[in-house]
Amino acid sequence: MSQKAKLLIVDDDDAHRNMLKLMVEQWGYVAFDVASGEEAIKFIHEQRVDFVLCDVRMTEMDGYETLAAIHAWNPAIPVILMTAYSSVEKAVEAMKIGAYSYVTKPLDFEVLKTTLYNALEHTRLKEENKQLKKALAQNPIMPLGKSASVKILQEMIQTVAPSEATVLITGESGTGKELVAKLIQANSNRKDEAFVTINCAALAENLLESEFFGHEKGAFTGAEKMREGRFVQADKGTLFLDEIGEMPLALQAKLLRVLQNGEIQRVGSDKVKIVDVRIIAATNRNLKEEVTAGKFREDLYYRLNVINLEVPALRERRDDIPLLAQRFVDNFATVNRKTIKGFTPRCMDLLMRYEWPGNVRELENTMERAVILSTGEYISERSLPLAIQHTDKENTIIDPKACYTLTNKSLDDIEKAAITATLADTADNKSEAARRLGITRATLHSKLKKYNLE
């Protein structure tokens with residue numbers, strides 16, 4: 001945790017409350033404690049907490065009343081009740097009215113530790129989904145762009161999202177495959193459930209199975225507590241398997257079994273658990289070639305590739321660059337408390353002609369850098385990396401001979417002559433002419449209209 005989670009303990013037994021506070025602080029939480037429900041209500045009105053651990057049996061205001069009052073103030077705060085064995089039935093009833101979970105006295109500290117961890121994960125996933133829905137609220141299917149290839153992709157997303165089909169998203173690194181997965185989730189019947197991501201390339205092979213399916217306490221060295229895996233976290237929702245092509249063959253067989261029958265087993269357990277999870281996978285590899293090379297199971301490939309969505313590279317949809325660049329600039333300008341209205345024409349021309357090997361991710365990073373370095377209201381080429389600034393050096397904007405023969409002419413005359421000559425040299429191919437002239441196709445059309453050359 002980059003920032004420690006804050007837990008409020010509510011218990012009128014001073015010794016028990018102090019013992020709990022010391023225990024959870026050893027687990028890495030920031031713990032606050034109060035001796036009554038009334039104090040708890042006052043506390044959460046004044047300070048933010050991530051969750052509450054509350055005893056049921058207290059004088060004056062019991063745990064159920066405290067739960068109701070907390071959720072009247074903020075229903076998003078998970079409340080875990082502590083109850084005696086004889087009151088379990090009532091605690092289960094309390095869960096129906098909003099309690100996150102309950103633990104029984106005398107407390108099993110391993111169970112408590114796991115319950116707190118799961119509550120925090122639950123809160124984190126809810127917050128991520130809340131932010132995703134907020135970002136997509138105004139336009140849930142259009143953040144990708146407006147080019148022809150992206151419009152086709154957006155239509156496919158709208159068609160596929162309401163189904164339960166497994167989806168394989170392919171494309172180069174940095175093209176936005178995870179965003180496509182989130183758009184499918186946001187437009188699906190599972191939109192109100194969890195969207196859980198796991199990067200198959202980010203974890204060691206011996207940890208992936210535990211990450212997927214969870215493990216029992218003591219299942220392997222370092223397994224100090226029982227843990228639920230990502231499949232359980234995503235139950236009723238969507239699990240996004242990023243970089244699926246990096247998954248080891250042994251784990252591929254186990255994933256195939258889950259896709260076929262929906263059954264999982266925690267590492268070290270012989271108990272089977274049924275989960276209802278929609279799978280969306282993504283890769284920048286050619287899985288057909290991986291199958292041929294024996295690096296990816298053929299049966300798993302066909303199981304994943306029910307629907308294939310190809311995300312185009314940024315260089316294949318240059319019309320989207322101005323839209324995406326402006327969106328990134330607006331976001332980073334807000335974060336850095338700057339006022340930036342847009343780009344100089346020269347800067348935008350360079351952005352449009354650069355090849356973007358890192359795709360949308362590279363564009364986003366470039367815009368963040370440009371916003372930080374920019375000193376005016378418009379981003380100029382001076383704020384771009386040198387690789388982009390030098391893009392035009394591969395092209396000759398105006399033939400030197402033409403410049404020589406037109407030295408006594410105006411700049412408009414020189415420009416008009418250069419455009420006319422280039423169009424003639426390219427057999428009126430406007431896209432190629434724009435590339436040779438070092439301007440965008442839209443700029444070329446504007447100049448053709450200006451000089452009555454259309």
Side-chain angles (χ1 to χ4, degrees), residues 121 124-137 139-145 147 149-150 152-161 163 165-188 190-203 208 211-212 229-231 233-234 237-247 255 277-287 304-317 320 323-325 327-328 331-332 356-368:
E121 282 289 286
R124 181 185 64 79
L125 290 170
K126 281 183 68 175
E127 183 59 28
E128 285 183 1
N129 288 334
K130 179 181 175 182
Q131 294 301 322
L132 173 61
K133 290 172 192 173
K134 183 178 178 181
L136 298 174
N139 201 340
I141 201 65
M142 294 303 290
L144 294 171
S147 63
S149 59
V150 167
I152 293 172
L153 177 60
Q154 289 165 345
E155 290 172 1
M156 285 292 293
I157 291 172
Q158 287 179 311
T159 301
V160 169
S163 74
T166 302
V167 180
L168 178 63
I169 306 170
T170 52
E172 296 178 9
S173 292
T175 50
K177 295 186 290 295
E178 183 171 354
L179 175 58
V180 171
K182 289 179 176 179
L183 287 171
I184 294 171
Q185 158 81 358
N187 289 273
S188 74
R190 298 173 182 255
K191 61 181 179 293
D192 295 322
E193 304 297 337
F195 178 87
V196 179
T197 299
I198 182 168
N199 189 324
C200 300
L203 293 170
L208 267 176
E211 195 70 20
F212 270 81
R230 298 299 178 92
F231 268 94
Q233 292 176 12
T238 302
L239 181 61
F240 175 53
L241 306 178
D242 200 9
E243 303 295 350
I244 187 73
E246 306 293 332
M247 182 180 289
L255 174 61
V277 176
R278 184 183 189 178
I279 299 294
I280 302 177
T283 182
N284 58 11
R285 294 190 176 194
N286 186 322
L287 290 189
L304 291 172
N305 197 35
V306 176
I307 301 291
N308 178 222
L309 298 182
E310 176 76 23
V311 185
L314 187 56
R315 63 183 173 276
E316 297 170 357
R317 53 182 185 111
D320 291 328
L323 174 71
L324 294 171
R327 181 181 296 128
F328 292 140
N331 291 341
F332 291 123
W356 298 109
N359 292 294
V360 178
R361 186 182 297 125
E362 183 183 6
L363 176 61
E364 181 178 14
N365 294 338
T366 298
M367 292 302 97
E368 181 177 16

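For this chain, numbers begin at 1 and follow the sequence in order.
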Distance check, rounded to the nearest 0.5 Å: [X] atom [atom1] versus [Y] atom [atom2]?
X: Thr283; Y: Asp242; atom1: OG1; atom2: CG; value: 8.5 Å
X: Leu314; Y: Thr175; atom1: CG; atom2: OG1; value: 9.5 Å
X: Gln233; Y: Leu239; atom1: CD; atom2: CG; value: 9.0 Å
X: Lys177; Y: Asn359; atom1: NZ; atom2: CG; value: 8.0 Å
X: Thr159; Y: Leu309; atom1: OG1; atom2: CG; value: 9.5 Å
X: Gln158; Y: Asn187; atom1: CD; atom2: CG; value: 6.5 Å

(message) Strictly below 4.0 Å, N to O, side chains only: are Arg315 and Glu172 in salt-bridge contact?
(response) yes
Residue pair [X] / [Y], side-chain heavy-atom distance below 4.5 Å:
X: Cys200; Y: Glu211; result: no
X: Phe240; Y: Ile184; result: no
X: Trp356; Y: Thr366; result: yes
X: Ile279; Y: Phe231; result: yes
X: Val167; Y: Arg278; result: yes
X: Arg317; Y: Leu324; result: yes
X: Ser149; Y: Ile152; result: no
X: Ile244; Y: Leu287; result: yes

(request) Please report the shortest heavy-atom distance between Ala281 and Leu304, naming the atom on each side. (result) CB-CD2, 4.3 Å
(message) Restricting to non-hydrogen atoms, name the atom on Phe332 and the atom on Met367 that form the minimum distance, rounded to 0.1 Å.
(response) CD1-C, 4.1 Å
(message) Main chain of Arg190, side chain of Gln185: is a donor-acceptor contact present, judged purely on distance under 3.5 Å?
(response) yes
(message) Going by the rule side chain to side chain contact (heavy atoms under 4.5 Å, CB included), which residues pair with Asn305 if we only count those two or more places apart in sequence or in a different chain?
(response) Leu168, Tyr301, Asn308
(request) Would you please name every residue forming a side chain to side chain contact (heavy atoms under 4.5 Å, CB included) with Glu243, sequence neighbours left out? (result) Asn199, Ala201, Glu246, Asn284
